Amino acid sequence: RSTIKPGELDNIVDNIGLPISGINLSYSNSSPVGSGDADIMITLKDDHSPVADYQEQLRRELPRRFPGVLFSFLPADITSQILNFGLPSPIDVQITGRDLKADRAYAEKLFARMKHIPGITDLRIQQAFDGPQFDVDVDRTRAQEIGLLQRDVANNLLISLSGTFQTTPTFWLDPKNGVSYSLVTQTPQYQLQTLDDLRNVPIVAANGRQNQILGGLANIHRDVSPALVSHYDVQPLIDIYAAVQNRDLGGVGSDIDQILKDTKQDKPKTVEVTARGQMQTMQTSFTSLYLGILFAILLVYLLIVINFQSWLDPFIIVTALPAALAGIVWMLFITHTTLSVPALTGAIMSVGVATANSILMVSFARERLDEGDDPVKAASAAGFARLRPVLMTALAMIIGMIPMALGLGEGGEQNAPLGRAVIGGLLFATLATLFFVPVVFSLVHGWLAKRHGRTPGHGGHHHTEPQASS
């Protein structure tokens, strides 16, 4: 409350410990493992400051005020939760193997190395290994002498300490509505504050005749055990969760991959390491989008080949695309925007608009060339004649993308990279269409005229089909 501005704070809800119901635990994204875990859910009002800024402040302030407590920020928006595929962090390094001790030793080595990665935050091992517990060692010989079994002790402790609906199901029928309600009973927690209270828990046999207290049948001592046991494909699993701050996920992921390579020799033979989460999703998505961009360029090129009945003029048209890609990179660099799925989607959109403008330019230049102009004059005429249509098409797209590029509104930063990529790509592609493409056209067709022994300016009279050229 001292960090968030009072005018922007709407509500705070604290959930301490495990949920009271298994249903709530199933739908929880925080993965609490014991009474030492807590969720603090903060709701902000409309027109609040960026959430990332508050997270950065709290990541510095909370550990300083509460040393020894581990804090992490879980994905709160539906987009991040979907991209994480249910994981509580975008980075999940999974260590699996038959030997849990070897898994833990290697996980701690990775954890120590990953701490030094720039931009990584909320680093933690999900499985808590040293959860405190009480071990109850029943003297079975003494218990048998008074007619009690190990099962009787276990059932009495289960009912007394946590209650159970499975061992002794109890129902209450409401006479008003005729509905049966399940009842679960247990000893009030305020009556179990010390070990002596635990030793005085009564133990009753199944027949209800033999009565004894727990301290007269068993010894109780302290011990530790894993607070959370996870498995993947039956084998024990250890998760190292992490998030990123002030750095792109791809850079952090590359550093993690390098650490995994460097520690591969120290990895036990029975241990397997897999990087999951958004890292895996990002690599798959980027690979698909890179192939999508290449396929879009190839498809556009082949489509223009069919339209122009030529392999050369479509090549002249697509020479504007490298400038579009360069513009995308520069715009993302200037605006400090990381490469992402929306940015690559904007790149594909830029390819289409840039190609359309280049088609206008080359098509008019071909018409002038077929009418008898030399390549230089035809390219110059095309630049002057198609200046207005090219600028109008590009400006309409750029102006329409400005609101998206600014990232205004609730969640507007999600699609801002798309708008910035389109604007940067079209700015550079338009300049290339107006200046670079005519130059390439004049050079290529001038070279063709000399190669065929024709005087520049009379090449068009040799064609019976205006759209067919060598």
Side-chain angles (χ1 to χ4, degrees), residues 29-31 33 52 55 59 70-77 79-129 226 228-292 338-344 417:
N29 194 42
S30 60
S31 301
V33 299
Q55 288 181 348
R59 282 189 174 112
L70 180 64
F71 295 93
S72 60
F73 290 82
L74 279 64
D77 59 283
T79 304
S80 299
Q81 292 177 4
I82 292 175
L83 291 176
N84 289 348
F85 288 95
L87 295 175
S89 292
I91 299 175
D92 179 16
V93 179
Q94 293 185 343
I95 297 96
T96 57
R98 298 188 300 271
D99 188 355
L100 185 58
K101 292 183 178 179
D103 299 347
R104 180 181 180 184
Y106 183 66
E108 290 176 350
K109 290 182 180 179
L110 289 180
F111 184 82
R113 291 285 300 272
M114 292 172 63
K115 282 183 178 180
H116 302 286
I117 296 177
I120 200 167
T121 184
D122 296 346
L123 186 64
R124 64 196 185 277
I125 296 179
Q126 176 67 10
Q127 287 71 19
F129 295 99
L228 175 65
V229 179
S230 303
H231 291 84
Y232 187 84
D233 288 343
V234 184
Q235 295 188 5
L237 167 69
I238 298 177
D239 292 292
I240 301 179
Y241 288 138
V244 295
Q245 178 178 289
N246 297 330
R247 194 184 177 194
D248 60 291
L249 180 62
V252 175
S254 299
D255 291 346
I256 293 177
D257 292 338
Q258 186 62 41
I259 290 176
L260 295 181
K261 293 179 181 179
D262 295 340
T263 58
K264 189 175 182 179
Q265 297 179 351
D266 302 331
K267 182 175 67 69
K269 295 181 180 180
T270 59
V271 174
E272 294 184 3
V273 185
T274 307
R276 301 186 185 274
Q278 279 195 36
M279 290 174 52
Q280 193 177 37
T281 307
M282 179 194 66
Q283 294 173 358
T284 304
S285 301
F286 278 19
T287 301
S288 301
L289 285 171
Y290 288 147
L291 294 176
T338 57
L339 191 63
S340 59
V341 171
L344 292 176

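Fair warning: this is a prediction, and the values are worked out from it, not measured in the lab.
Across every non-hydrogen atom of Tyr241 and Ser89, the tightest pair is CB-OG, 3.7 Å. In terms of heavy-atom proximity, Ser230 sits nearest to Gln127 at OG-NE2, 2.9 Å. Listed here is the closest heavy atom pair of Val271 and Lys267: O-NZ, 2.9 Å.
Side-chain contact between Thr281 and Met279 is absent, with no heavy-atom pair separated by less than 4.5 Å. Taking 4.5 Å as the limit, some side-chain heavy atom of Ile125 sits within range of a side-chain heavy atom of Ile238.
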Evaluation steps, side chain to side chain contact (heavy atoms under 4.5 Å, CB included), between Lys264 and Ile259:
CA-CA 8 Å; Lys264 189 175 182 179; Ile259 290 176; over 6 Å; no
Could you walk me through whether Ile240 and Leu123 satisfy the side chain to side chain contact (heavy atoms under 4.5 Å, CB included) test, starting with their C-alpha distance in whole Å, then the side-chain angles of each, then the deciding distance to 0.1 Å, before giving a yes or no?
CA-CA 7 Å; Ile240 301 179; Leu123 186 64; 3.7 Å; yes
CA sep, side-chain torsions, deciding dist, call: Ile91, Val252, side chain to side chain contact (heavy atoms under 4.5 Å, CB included)
CA-CA 9 Å; Ile91 299 175; Val252 175; 3.8 Å; yes
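Asp255 meets the salt bridge (Lys or Arg N to Asp or Glu O under 4.0 Å) test with Arg247; sequence neighbours excluded. Legend: residues meeting side-chain contact (heavy atoms from CB on, under 4.5 Å) with Thr96, ordered by chain and number and at least two apart, are Tyr232, Gln235, Leu237, Glu272. Listed by chain and number, the residues in a side-chain contact (heavy atoms from CB on, under 4.5 Å) with Ser254 amount to none (sequence neighbours excluded). Under the rule for a side-chain contact (heavy atoms from CB on, under 4.5 Å), the partners of Ser72 that lie at least two apart in sequence or sit in another chain are Leu74, Asp122, Arg124.
A distance of 10.5 Å separates CG of Asp248 from OG of Ser340, quoted to the nearest 0.5 Å. Remark: Gln55 CD to Gln245 CD distance equals 8.0 Å, nearest 0.5 Å.
No donor-acceptor contact under 3.5 angstrom links the side chains of Thr274 and Gln94, judged on distance only.
Under the salt bridge (Lys or Arg N to Asp or Glu O under 4.0 Å) criterion, no residue pair touches residues 90-101, with sequence neighbours excluded.
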Side-chain polar contacts of residues 102-120 - donor-acceptor pairs under 3.5 angstrom, sequence neighbours left out - could you list them?
| from | atom 1 | to | atom 2 | distance (Å) |
| --- | --- | --- | --- | --- |
| Asp103 | OD2 | Gly97 | N | 3.3 |
| Arg104 | NE | Glu108 | OE2 | 3.2 |
| Tyr106 | OH | Thr263 | OG1 | 3.0 |

